[in-house]
Amino acid sequence: MSVTNEFLAANEAYAASFGKGDLSMPPARKVTVVTCMDARLDPAKFLGLVEGDAHVIRNAGGRVQDALRSLIISEQLLGTTEIVVIHHTDCGMLTFSNADLRTKLQQELHINAENIDFLPFSNLEQSVRDDVSYLKDSEFIPKSITVSGYIYDVKTGKLLPVA
Ligand SMILES: [Zn+2]
């Protein structure tokens, strides 16, 4: 049984009291958050965001290399001036290596994934520093863009500044 029926029921209730149909496209707070897709993270709640405030780009690990296309669009076309990178404790990206996943793909799907970097990491703070450095060094990210990095603690809900 798919969850889509539950989604449609929830959406009906949401739309019934919806009153934010006039927001403008560019994020009001001119900020883009890059964070993990982990189901335990609710960036709108832990950052105090409401509809229209920010771009939130999510992927496995919150890796910026994987978000670069969206970051360029966010800054160049939609006026954001700040990037906040948020990785988190107990992240799934700490639990496997590229070799592990490539072997699994070979065994289960008979696919050679040698050319895909899944961007796993073994040190959480280092992954945040690496991603902040990646953006600061990227020719696609102007020096005028503010970049900072944090770790979100899934046990406490707190953000820890890293870079
Ligand atoms: Zn994660």
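Start at 1 and go down the list; that is how both ligands and their atoms are numbered.
- Put simply, CZ on Phe96 and CZ on Arg102 are 10.5 Å apart, with the number rounded to the nearest 0.5 Å.
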Identify all side-chain donor-acceptor contacts of residues 24-35 below 3.5 Å with residues at least two apart in sequence or on another chain.
from	atom 1	to	atom 2	distance (Å)
Arg29	NH1	Gly48	O	3.2
Arg29	NH1	Asp53	OD2	3.2
Thr32	OG1	Ser74	OG	2.6
Thr32	OG1	Thr80	OG1	3.3
Thr35	OG1	Ile86	O	2.7

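- Counting only protein N, O or S atoms closer than 2.8 Å to the Zn ion (ligand 1) gives 3.
- A distance-only check finds a donor-acceptor pair linking the side chain of Asp100 to the backbone of Ser97 [under 3.5 Å].
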Under 3.5 Å, side-chain donor or acceptor atoms of residues 112-125 against the rest of the protein: list the pairs with distances, not counting sequence neighbours.
from	atom 1	to	atom 2	distance (Å)
Asn112	OD1	Glu114	N	2.8
Asp117	OD1	Asn98	ND2	2.9
Asp117	OD1	Leu119	N	2.8
Asn123	OD1	Glu125	N	3.1
Asn123	OD1	Gln126	N	2.9
Glu125	OE1	Arg129	NH2	3.0

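- Looking at heavy atoms from C-beta onward, Ile73 lies out of side-chain contact with His55 at the 4.5 angstrom threshold.
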Determine all donor-acceptor pairs shorter than 3.5 Å in which one atom belongs to a side chain in residues 135-145; sequence neighbours excluded.
from	atom 1	to	atom 2	distance (Å)
Ser138	OG	Phe140	N	3.1
Lys143	NZ	Lys136	O	2.6

